[in-house]
Amino acid sequence: MRPDTPADHTAEAERLLRTADQYPEDQEPLLLQAAAHLELSGDRPRATTLYDRLLSTRVDHPHLVKAFKAANLWEYGHEPEARAIIEGIRAAAPLDPAAWEIVAETLEAHDELDLAHASLTRALTLLGIAEATVDTRAIPYSTQSLVTTRHRVRRLLALPHDDWDTLADDLHTAPISLDELHDPKRLWSLGSEDPAELQAELARLRAELGSYRAALSRPFPVAVLHWPEPELDELLTAYPELQSEYPTHAAHLLDIEASLRELAAAGTPNLGIVTATVPSYEAFAASEASSPANADLLPQYATTLAARARATSWPPGRGADCWCGSGVNYGDCHGASQP
């Protein structure tokens with residue numbers, strides 16, 4: 001059941017903490033979720049304790065954890081510390097779009113619009129998103145929200161449209177335009193007594209809610225399973241029945257890239273790759289009361305790994321190494337023939 005009260009959020013946080021103890025390899029996403037529920041329950045100091053617990057260990061996304069910590073601290077009276085953390089993130093210039101998104105939204109929420117705008121512009125530059133991008137498919141799903149958030153901040157600052165704002169318009173699919181959704185005058189209409197203005201605002205809110213629902217309907221990437229060569233060799237030695245799924249490792253890698261490109265061409269957003277291991281797969285098969293030789297388990301295993309925040313976004317960013325682990329730039333490896 002969806003948590004609705006502070007007590008429900010506290011109970012959900014406790015459940016996630018117990019799960020994190022059971023699956024220490026997934027501690028980071030589980031503790032981040034637990035911290036979010038603690039914030040919603042009103043227990044912000046305890047949420048900060050969880051962020052500190054994560055930062056005392058080696059985490060995959062340290063700047064994201066710091067950004068969440070800063071946002072939480074600012075909300076319960078620790079503005080100087082929050083600002084210091086945000087400045088540290090900005091100075092570090094991470095290539096994690098989610099960290100930049102939390103930083104910008106925190107600054108925006110506290111009326112630091114100029115700094116939010118500067119942060120978003122720097123993030124897009126660091127992530128290699130060109131202002132004059134024509135093909136929206138070239139914008140990774142994880143980065144698209146930065147473009148949209150920047151559009152909103154610029155509207156609040158009354159700045160004229162630039163090429164990135166045009167890109168945001170192209171990415172937007174709701175029936176009501178971003179200019180209208182991000183219009184600062186919308187706040188005035190909420191207090192209006194004019195039925196026509198109120199009706200128009202209701203239509204805008206429905207469109208905005210539809211966009212949020214579309215984003216929430218895919219909370220984790222559509223992921224394709226990747227077996228590193230040693231793991232695939234071990235898998236096929238133990239379960240030769242899967243040989244028809246994976247004739248060779250080279251063919252497996254080509255099939256991953258082809259599948260992802262086909263999904264992208266069909267308009268599927270938020271694509272990713274999850275790396276498989278034989279022990280993990282065997283444990284998953286046991287949890288499903290099935291044999292690892294059952295090929296029908298493979299897509300379910302991929303989805304489970306994605307739900308546990310194990311997916312790497314596809315396609316890799318500009319200049320990044322290929323997802324296959326070759327150490328070669330993606331554009332010179334499996335992305336060489338990328339249209």
Side-chain angles (χ1 to χ4, degrees), residues 23 25-26 28-29 60-61 95-96 128 135 137-143 218-339:
Y23 301 100
E25 71 276 14
D26 293 327
E28 183 175 344
D60 293 331
H61 304 96
L95 297 179
D96 182 353
D135 187 359
R137 292 176 302 177
I139 310 298
Y141 185 84
S142 58
T143 306
R218 199 179 299 283
F220 48 83
V222 173
V224 176
L225 203 58
H226 167 221
W227 292 92
E229 191 165 12
E231 295 292 337
L232 186 60
D233 289 343
E234 183 180 342
L235 178 77
L236 297 179
T237 299
Y239 310 104
E241 300 91 336
L242 296 176
Q243 187 72 50
S244 59
E245 298 289 325
Y246 306 111
T248 67
H249 187 254
H252 169 52
L253 298 183
L254 291 174
D255 186 55
I256 291 172
E257 184 71 21
S259 297
L260 289 165
R261 293 191 190 189
E262 184 178 338
L263 288 167
T268 305
N270 199 12
L271 298 173
I273 296 172
V274 287
T275 300
T277 67
V278 173
S280 169
Y281 177 58
E282 289 176 333
F284 172 76
S287 71
E288 295 292 313
S290 184
S291 166
N294 180 3
D296 291 339
L297 288 179
L298 295 169
Q300 298 174 43
Y301 174 53
T303 300
T304 299
L305 291 178
R308 289 164 58 189
R310 289 295 175 186
T312 300
S313 181
W314 180 94
R318 183 178 299 178
D321 288 347
C322 189
W323 54 263
C324 71
S326 65
V328 177
N329 184 284
Y330 173 66
D332 297 322
C333 195
H334 283 90
S337 58
Q338 181 76 20

Could you grab the distance from atom [atom1] of [X] to atom [atom2] of [Y], nearest 0.5 Å is fine?
X	Y	atom1	atom2	result
H249	L236	NE2	CG	10.0 Å
I256	R261	CD1	CZ	12.5 Å
L254	T248	CG	OG1	8.0 Å
L271	T312	CG	OG1	13.0 Å
C333	E257	SG	CD	9.0 Å

Run the side-chain contact (heavy atoms from CB on, under 4.5 Å) test against L95 and tell me which residues pass, sequence neighbours left out.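 Result, side-chain contact (heavy atoms from CB on, under 4.5 Å) vs L95: L126, L127.
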
How would you list, by chain and number, every residue that makes a side-chain contact (heavy atoms from CB on, under 4.5 Å) with A293, sequence neighbours excluded? Y239, E241, S291

Can you name the nearest heavy-atom pair linking [X] to [Y], along with the distance?
X	Y	result
A306	A223	CB-CB, 3.8 Å
A285	L297	CB-CD1, 3.7 Å
P299	D296	CD-O, 3.5 Å
C322	H334	SG-ND1, 3.5 Å
P240	T237	CD-O, 3.9 Å
T277	E231	CA-OE1, 3.5 Å

Within the 4.5 Å heavy-atom criterion, are [X] and [Y] side-chain neighbours or not?
X	Y	result
V222	N270	no
L235	W227	yes
I273	L260	yes

Is [X] reaching over with its side chain to a backbone N or O of [Y], donor-acceptor style, under 3.5 angstrom?
X	Y	result
Y281	P292	yes
E288	F284	no
E245	A295	no
E28	H61	yes

Report the C-alpha distance between L305 and L225 in whole Å, list the side-chain angles of each, state the deciding distance to 0.1 Å, and finish with yes or no for side-chain contact (heavy atoms from CB on, under 4.5 Å). CA-CA 9 Å; L305 291 178; L225 203 58; 4.1 Å; yes

Should the pair H226 and H252 be assigned to parallel (<30°), tilted (30 to 60°) or perpendicular (>60°) ring geometry?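 Geometry flag for H252 against H226: parallel rings.
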
